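Here is the structure we will look at, set down as C-alpha cells.
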Amino acid sequence: MTLEETMESIAAAHVPEIILILAGLLAFLIVYEYRRDDKSVRYYVCEILGLILGVAMVIITMSSYSEWHTSTCILIVLAAFALMIRPFREADFALFIAILAMVLIYVYLIGLTGDLAFLGEGYTPIIIALVAGALVYGILNFVQKIAQMIGKILNCWPVLVILGLVCIIEAVLILTGYGTIADLIDQYRNGGSLLLL
C-alpha cells in the first residue's frame with residue numbers, strides 16, 4: 001500500500017474527526033484574528049476559509065451522516081452553520097430574493113397567453129408582482145432574522161471558542177475510542193464516571 005493510499009484510507013475512516021478538528025482550529029483562528037484586528041486581511045481570509053470549510057462540512061455530512069453518531073452530525077452542522085454565516089451576519093438576502101421574485105413573476109405574467117392573458121395586461125402584473133414580492137420578503141425576512149440571531153450568538157467570540165473546543169474534544173474522544181461527548185454524558189447518567197481513565 002502506497003503512502004497516498006494509506007492517507008486516503010485514514011482520511012476515509014476518520015472523516016468526522018478530521019472535519020471536527022479543522023472546524024475547531026479554524027474557529028480558534030477566527031477568534032484570534034478577530035480579537036487581534038477585525039479589519040485585517042487575515043481576518044477576512046479566515047472568514048472565507050470558514051465559509052468554504054462550512055460548505056464542505058455540510059456536503060460531506062449530507063453524504064455520510066448515516067454512518068456517524070447523531071450528536072457528531074449535530075455538532076458538525078452547528079459548527080458548519082457558525083462558520084458559513086459569519087461573513088453574512090449583516091447581509092439582507094430577503095430583500096434581494098424578494099426583488100428577484102418580483103421581476104420573475106412580472107416577466108412570467110406578461111408572457112401569459114390564452115385564458116390567463118388578462119393577468120399580464122395593464123397594472124395587474126405589477127400589482128401581483130408587488131404582492132408576491134411582499135409575501136416572499138415577509139417570509140424570508142422572518143427566516144433570515146432567526147438565522148442571523150442564531151449566527152450572531154454562535155459567532156460571539158466566547159461562544160465560538162467554546163464551540164471550537166467542543167469540536168476538538170469530540171474528535172479526540174472518537175479518535176481515542178471513547179465514543180462521543182453524548183456517550184460520556186449517557187455513561188455518567190447511568191451511574192458511571194466521566195473520567196476517561
Side-chain angles (χ1 to χ4, degrees), residues 7 10-12 14-65 68-100 136-176 178-185 194 196:
M7 294 304 288
I10 290 171
H14 299 290
V15 170
E17 299 95 293
I18 292 168
I19 289 173
L20 285 167
I21 289 172
L22 288 174
L25 292 175
L26 189 55
F28 289 153
L29 185 60
I30 287 171
V31 169
Y32 173 76
E33 291 298 336
Y34 173 78
R35 299 282 295 151
R36 192 166 166 259
D37 181 10
D38 64 345
K39 304 286 187 231
S40 70
V41 173
R42 287 191 296 196
Y43 173 67
Y44 292 122
V45 168
C46 288
E47 282 191 321
I48 292 168
L49 287 175
L51 175 63
I52 293 167
L53 179 62
V55 170
M57 288 166 68
V58 169
I59 292 169
I60 292 168
T61 304
M62 287 173 60
S63 63
S64 307
Y65 72 94
W68 303 345
H69 196 280
T70 305
S71 65
T72 302
C73 291
I74 291 169
L75 185 56
I76 289 172
V77 168
L78 201 61
F81 178 76
L83 292 173
M84 285 189 312
I85 200 166
R86 188 166 187 89
F88 306 110
R89 287 171 298 169
E90 306 299 329
D92 191 3
F93 288 108
L95 182 60
F96 172 74
I97 295 171
I99 291 170
L100 182 63
V136 168
Y137 178 76
I139 294 168
L140 289 180
N141 191 42
F142 176 71
V143 172
Q144 175 181 289
K145 294 299 182 196
I146 291 173
Q148 285 177 336
M149 182 186 71
I150 294 169
K152 284 182 181 180
I153 291 169
L154 289 175
N155 277 289
C156 176
W157 73 262
V159 176
L160 195 57
V161 167
I162 293 168
L163 183 61
L165 186 61
V166 170
C167 286
I168 290 174
I169 290 170
E170 178 92 354
V172 169
L173 287 174
I174 295 170
L175 282 170
T176 54
Y178 287 105
T180 65
I181 294 172
D183 293 335
L184 286 181
I185 292 170
L194 281 179
L196 301 179

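Computed from a prediction, not measured in an experiment: that's the story for all the values here. Hydrogens, waters and symmetry mates are skipped; everything else that's a heavy atom, side chains included, is used.
- A distance of 8.0 Å separates OG1 of T72 from CD of E17, quoted to the nearest 0.5 Å.
- In terms of heavy atoms, L154 sits closest to F81 at CD1-CD2, 3.7 Å.
- Residue pairs meeting the salt bridge (charged side-chain N to carboxylate O under 4.0 Å, His left out) criterion with at least one partner in residues 22-34, sequence neighbours excluded, are E33-R36, E33-R42.
- Rounded to the nearest 0.5 angstrom, L160 CG and C167 SG are separated by 9.0 Å.
- One finds the CD1 atom of I74 at 11.5 Å from the OG1 atom of T61 (value rounded to the nearest 0.5 Å).
- Between the CG atom of L49 and the OH atom of Y44 there is a distance of 15.0 Å, given to the nearest 0.5 Å.
- Between the side chain of Q144 and the backbone N or O of F93, at least one donor-acceptor pair lies under 3.5 Å.
- Summarising the geometry of I21 relative to A171, their closest heavy-atom pair is CG1-CB, 3.4 Å, with the distance given to 0.1 Å.
- If you run side-chain contact (heavy atoms from CB on, under 4.5 Å) between L20 and each of I168, V15, L75, only L75 comes through.
- For F28, the CZ atom is densely surrounded, since the number of other residues' heavy atoms within 6.0 Å is greater than 12.
- Separating the CD1 atom in I18 from the CE atom in M57 is a distance of 12.5 Å, to the nearest 0.5 Å.
- For L26 against C46, the heavy-atom pair with the smallest separation is CD1-O, 4.3 Å.
- Contact check for L51 versus E47: no side-chain heavy atoms found under the 4.5 Å cut-off.
- Listed by first and then second residue, the salt bridge (charged side-chain N to carboxylate O under 4.0 Å, His left out) pairs involving residues 146-167 are E90-K152 (not counting sequence neighbours).
- Distance check, rounded to the nearest 0.5 Å: OG of S71 to CG of L78 gives 12.0 Å.
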| field | Test side-chain contact (heavy atoms from CB on, under 4.5 Å) applied to I60 and I76, step by step | value | CA-CA 10 Å; I60 292 168; I76 289 172; over 6 Å; no
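- Take D183 and apply the side chain to side chain donor-acceptor pair (under 3.5 Å) test, not counting sequence neighbours, and it matches H69, T180.
- Side-chain contact between L83 and I30 is present, with heavy atoms from C-beta onward closer than 4.5 Å.
- Using a 4.5 Å cut-off on side-chain heavy atoms (C-beta onward), I48 and P87 make no contact.
- Residues L163 and A79 approach most closely at CD2-CA, 3.9 Å, considering heavy atoms.
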